[in-house]
Amino acid sequence: MSTQKNTDFFERVYEVVAKIPLGKVTTYGAIANFLGVGGSARTVGWALNSSIMTQQPTLPCHRVVNRLGQLTGKIHFGLGVMEHLLRAEGIQFTADDTVDLNAHFWNPADQLEK
DNA sequence: CAAGTGACTAGTG
DNA sequence: CCACTAGCCACTT
């Protein structure tokens with residue numbers, strides 16, 4: 001089944017991120033693990049970086065944070081934009097640049113189990 | 001083709 | 001949780 005591997009990886013990330021429910025957040029590792037790559041959480045972030053260049057307004061990349069809930073991606077997204085969007089969706093912050101993962105963590109696998 | 005870079009994670013102290 | 005190290009994969013040069 002390894003018909004495709006790299007190029008489609010981007011679209012898979014787009015699919016998962018696009019399915020993140022409003023008011024929920026997920027982590028790079030969760031997406032990577034769901035896609036079957038596991039250790040390549042960095043590549044997930046790189047895919048989102050490309051998404052900004054290709055379909056920025058279409059993809060809620062602001063709902064994707066690192067394992068600590070920190071808005072690491074805001075650097076490329078817009079320093080104040082990411083936090084503003086999350087707060088507007090009802091996300092709670094434990095710190096200036098950190099969301100409450102304990103309250104809003106969403107697993108991509110939940111989309112399939114339910 | 002080799003080396004460098006990066007929106008990460010897990011392990012150790 | 002902080003600081004440092006190693007591993008990971010895809011992209012760029």
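Computed from a predicted structure; not experimentally measured. Here is how names work: the chains are called A, B, and so on, in the same order as the sequence lines, proteins then strands, and each is numbered from 1.
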ask   = In terms of side-chain heavy atoms of A/His76, which of B/dA7, C/dC11, C/dG7 is nearest?
value = B/dA7

inquiry  = Is the positively charged end of A/Arg87 above the ring of A/Phe93, judged by distance under 6.0 angstrom from the centroid and angle within 45° of the axis?
reply    = yes

Any donor-acceptor N/O pair, A/Ser40 side chain to A/Thr43 backbone, under 3.5 Å = no

Which residue lies more 5' along DNA chain C, comparing A/Gln70 with A/Thr43 via nearest heavy atoms = A/Gln70

Check: A/Ser40 side chain, C/dC8 base, donor-acceptor under 3.5 Å = no

ask   = Using a cut-off of 4.0 Å on non-hydrogen atoms, how would the nucleic acid contact of A/Leu48 be classed: base, sugar-phosphate, or nothing?
value = base

ask   = Between A/Leu79 (CG) and B/dA7 (C1'), how many Å, whole number?
value = 12 Å

task = Could you tell me the separation between the CZ atom of A/Arg67 and the C1' atom of C/dG7, rounded to a whole number of Å?
result = 14 Å

key: Contact under 4.0 Å: A/Ser50 side-chain N or O vs C/dC11 OP1/OP2   = no

remark   = Closest heavy-atom pair, A/Asn49 versus A/His76, reported as atoms and distance to 0.1 Å, is OD1-ND1, 4.4 Å

task = Select one nucleotide: of B/dA7, C/dA10, B/dG6, the one nearest the side-chain heavy atoms of A/Ile52.
result = B/dA7

task = With heavy atoms under 4.0 Å as the rule, sort A/Asn49 into base, sugar-phosphate or nothing.
result = base

key: A/Phe10 CZ - C/dA10 C1' separation (whole Å)   = 6 Å

request  = Calculate the interatomic distance between A/Glu83 atom CD and B/dA7 atom P; express it in whole Å.
outcome  = 19 Å

note = Per atom distances to the A/Cys61 side chain, the nearest of C/dC8, B/dA7, B/dT9 is B/dA7

Interatomic distance, A/Leu59 CG vs B/dA7 P [rounded to whole Å] = 17 Å

ask   = Which is it for A/Glu83 and A/His62 under the side-chain hydrogen bond (donor to acceptor under 3.5 Å, both in side chains) test, yes or no, and what are the steps along the way?
value = CA-CA 8 Å; A/Glu83 182 175 332; A/His62 54 268; over 6 Å; no

task = When you get a sec, tell me which of C/dG7, C/dA10, B/dA7 is the closest nucleotide to the side chain of A/Met82?
result = B/dA7

query = Atom CD of A/Gln70 and atom OG1 of A/Thr94: how far apart are they, to the nearest 0.5 Å?
reply = 8.5 Å

inquiry  = Can you measure A/Trp46 atom CH2 to C/dC8 atom P for me and round it to whole angstrom units?
reply    = 21 Å

query = Given atom CD1 of A/Ile75 and atom P of B/dC8, what is their separation to the nearest angstrom?
reply = 8 Å

request  = Send over the distance from A/Phe34 CZ to B/dT9 P, rounded to a whole Å.
outcome  = 17 Å

